[in-house]
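Numbers restart at 1 for each chain; the letters A, B, ... are given by sequence-line order, proteins then strands. Remember, predicted model here, so these are calculated numbers, not experimental data.
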Protein chains: 2
Amino acid sequence: MKPHAVTIKDIAKELNISVATVSRALRDTYDVNQETRQLVLNKALEMNYKPNYNAIGLVTNSSHNIGIVLPAVVNYYFSTVISGIQEVAYKNGYNIVLYVTNDSAERERDILHDISPGNIDGLLLCVSSESDQDEHFTKIINMGIPIVFFDRVASNIDTSKVMQDDFNGAYAAVDHLIKNGYKKIAHITGPPGLLFTERRMEGYLLALKEHNFPVKKEWIIHSGFTQNCGTADMMQLLKCKEKPDAVFAVNDRKAIGAMLTLKKKNIKIGKQIGIVGFTNDPMSEIISPTLTTVEEPAKEIGRRSCELLMKHIFKKYFIAEEVILPTKLIVRESTQRL
Amino acid sequence: MKPHAVTIKDIAKELNISVATVSRALRDTYDVNQETRQLVLNKALEMNYKPNYNAIGLVTNSSHNIGIVLPAVVNYYFSTVISGIQEVAYKNGYNIVLYVTNDSAERERDILHDISPGNIDGLLLCVSSESDQDEHFTKIINMGIPIVFFDRVASNIDTSKVMQDDFNGAYAAVDHLIKNGYKKIAHITGPPGLLFTERRMEGYLLALKEHNFPVKKEWIIHSGFTQNCGTADMMQLLKCKEKPDAVFAVNDRKAIGAMLTLKKKNIKIGKQIGIVGFTNDPMSEIISPTLTTVEEPAKEIGRRSCELLMKHIFKKYFIAEEVILPTKLIVRESTQRL
DNA sequence: GTGAAAGCGCTAACAT
DNA sequence: ATGTTAGCGCTTTCAC
């Protein structure tokens, strides 16, 4: 039943050489004869040798596992990021270990607490909304486990970060609304304290300022990131003494939630109230009217983060890089006045 | 910098007992004094001990890793299944290792080829469309790595399987169309050779047969699972000499693709052509008209598969179970005649 | 360029 | 109930 997995010892025996040589040949270490190396490689293939990562890990104190810590997986943006990560991790022979926080800071801390060198070689992390403290991150980094943040980053931790250009994306969105004649532009966003939402807010504010548009407190609503939150936020906006004539939503799900409110109230989207989202979730092309949005390079974010993490893992003292990927405004029907 | 991770040896030294006792206490083995056990547990907590899974794995030939092999992750159904799996895996202290096949049988084989006991303790697998042979599955199982299939299963492999009730779901969908007065019902489905598509086909055929409706070859189209395939299939259906007045799509993405074709051609969905999908992707509630569909218990499928896999891993000779979870028809606008 | 041997942290006989 | 010890498969000094 248990056909005894082949080990380097078996290869050594077959070839009448030492395990040390086999080990060196397999890893392409310089001080090994090219002939011997070929012999070993061929034999390994022939015998269907598979490295035992537990043994390797035990001695090198590594695991070939990288962890992904993120708020959710049933989500277009996040699942796309995952697929990007998976692509480069697989190419590099790394396994992905998935941790889902459900946006709970406590869960995030619990997860990080269980992580130790030897079990996880590095972490790709998108911070949970509620996160306020940083020490659980620095503790991980001090253990020698590199972290690369993506999307939602912890701003005062010195490590690599990969983000989309939230500021310019938001600016483009609001600028587009203004150019299309909307004058009273609201912003529905997530909970406060997240860098990417703040950047989008700044883009929104700058666009207003540059065109000398008023900033109304009433027109800026903080709540959750879900579709239902978008629905609720829109309800609230409709109750303002002075109603906005356009809404910039922090993401497509909220934009769609807002559209649902408007549709139910028979308010014409585009004509009466313009809407723009953020992400370019496939849903934004399916809903009608189709949703103008800012496309995020989600897959590329996944790829780049993972590549950066690989560098951190390979070169122990790789200098932290901050990558900001461009976004792109996708104009659709929800911002057409007629 | 490297503060030397604490090991059971350290705990043993502190407590003046042997490593064996510490090891036993930590794992709650029966033959250990309750007092000693508490002492060890407290000390472990105090010293912030974390088990070295490489060491454990090396001696037990295990890894605490379970693999998920599936066609895609950017997909509502699959990402929901993953979240279900993640939930129970996390609870059991297991890591998830993600492998994405992109529906390529070759990729699937490559992935399985790299898997060996000690690195992966068990596999959750949704077979790729193109899969035709089974030996790469049996090879894994013979190595002592249990597999639990979900959704798309390899029918002649004797191991646990978790599926939704494809047959009855499909039957309910078509029966609903018939009861709403549609008479010429087409079926657009995936590539041939997948059990779940066959079951949906059988449900479709039985519903037709029971009502003495004709089965027209022309009205049954096999292609891919994507939205674009749905669009193309619908185009083809519209070219039939005798056009169908309703379409049962194998999944929501294809149903939506079909709807897009109809909308472009200004054919009234529901009134002229009824559409029903399968999955209950959130998109089906967003598109207009909203899409009637058969809800799949995706998260539960993930949970149950993972629970079953845990049983296979824990009890070496757990008898294979086949779980079929109920589906539910969700009636919306796309099948209303007026 | 290659081999011998120690040892990574833990579990599992085998003793006691 | 607890201790002793071998050894899991590999890498890595240290010899030669």
Side-chain angles (χ1 to χ4, degrees), chain A residues 2-41 43-44 47-64 93 116-121 143-144, chain B residues 2-41 43-44 47-64 93 116-121 143-144 314 316:
Chain A
K2 275 273 159 67
H4 167 66
V6 354
T7 69
I8 57 169
K9 215 165 157 182
D10 300 324
I11 300 179
K13 212 174 295 172
E14 285 278 319
L15 257 35
N16 267 317
I17 56 177
S18 74
V19 290
T21 306
V22 176
S23 169
R24 288 191 271 248
L26 250 19
R27 281 170 304 139
D28 199 6
T29 311
Y30 45 94
D31 53 354
V32 57
N33 189 315
Q34 280 309 308
E35 270 180 52
T36 328
R37 198 173 107 73
Q38 261 321 314
L39 238 47
V40 170
L41 258 34
K43 206 61 175 177
M47 298 177 73
N48 193 24
Y49 165 76
K50 286 172 200 164
N52 182 319
Y53 291 112
N54 282 323
I56 297 173
L58 184 56
V59 52
T60 60
N61 203 33
S62 69
S63 65
H64 269 69
S116 61
N119 300 333
I120 292 287
D121 294 354
M143 291 200 296
Chain B
K2 275 274 159 67
H4 166 66
V6 356
T7 70
I8 56 169
K9 215 165 159 182
D10 300 323
I11 301 180
K13 210 174 296 171
E14 284 277 318
L15 258 33
N16 267 318
I17 56 178
S18 76
V19 290
T21 305
V22 176
S23 169
R24 286 190 274 249
L26 251 20
R27 281 170 304 141
D28 199 6
T29 311
Y30 44 94
D31 53 355
V32 55
N33 188 314
Q34 279 309 306
E35 271 179 52
T36 330
R37 199 173 106 72
Q38 261 322 314
L39 238 48
V40 171
L41 257 35
K43 206 64 178 176
M47 298 177 73
N48 193 25
Y49 165 77
K50 286 171 199 165
N52 182 319
Y53 292 112
N54 283 321
I56 297 174
L58 184 55
V59 51
T60 60
N61 203 33
S62 69
S63 65
H64 269 69
S116 62
N119 299 334
I120 293 285
D121 294 353
M143 290 200 297
F314 294 148
K316 219 53 196 165

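Each end of the helix from C:dG1-D:dC16 to C:dT16-D:dA1 yields a helix axis from five base pairs, and these two axes differ in direction by 30° (to the nearest 10 degrees).
Take the nearest nucleotide of DNA chain C for A:V19 and for A:T36: the residue whose nucleotide is more 5' is A:T36. The 5' end of DNA chain D is approached more closely, in terms of each residue's nearest nucleotide, by B:V22 than by the other of A:L26 and B:V22. Comparing B:A55 and B:N33 by the nucleotide of DNA chain D that holds the closest heavy atom to each, the one mapping nearer the 5' end is B:N33.
Counting non-hydrogen atoms under 4.0 angstrom, A:Y49 reaches the backbone sugars and phosphates but no base. Heavy atoms of A:I56 sit under 4.0 angstrom from primed sugar atoms or phosphate atoms, though from no base atom. Base engagement by A:S23 is indicated by at least one non-hydrogen atom pair under 4.0 Å involving a base atom. Contacts of B:R24 with the nucleic acid, taken as non-hydrogen atoms under 4.0 Å apart, include base atoms.
If you take NZ of A:K9 and P of D:dT11, they are 14 Å apart, rounded to a whole angstrom. Across the protein-nucleic acid pair, B:N16 atom CG and D:dT4 atom P stand 11 Å apart, rounded to whole Å. Atom CD in B:Q34 sits roughly 15 Å away from atom C1' in D:dT2 (whole-Å rounding). Remark: P of D:dC10 and CG of B:N52 are 16 Å apart, rounded to the nearest angstrom. Nucleotide D:dA1 holds its C1' atom 14 Å from the CG atom of B:L39, rounded to whole Å. Residue A:I8 contributes atom CD1, which lies 11 Å from atom C1' of D:dT12 at whole-angstrom precision. Rounded to an integer number of Å, the gap from B:K13 NZ to D:dT4 P is 14 Å.
Closest contact between the side chain of B:A20 and the listed nucleotides D:dG9, D:dT12, D:dG3 involves D:dG3.
The line from OG of B:S62 to CG of B:N119 is 10.5 Å long, rounded to the nearest 0.5 Å.
At least one side-chain nitrogen or oxygen of B:T21 sits closer than 4.0 Å to the OP1 or OP2 atom of D:dG3.
Here chain A contacts DNA chain C (any atom closer than 4.0 Å to a heavy atom, that is under 4.0 Å), and the contacts span C:dG1 to C:dG9 from 5' to 3'.
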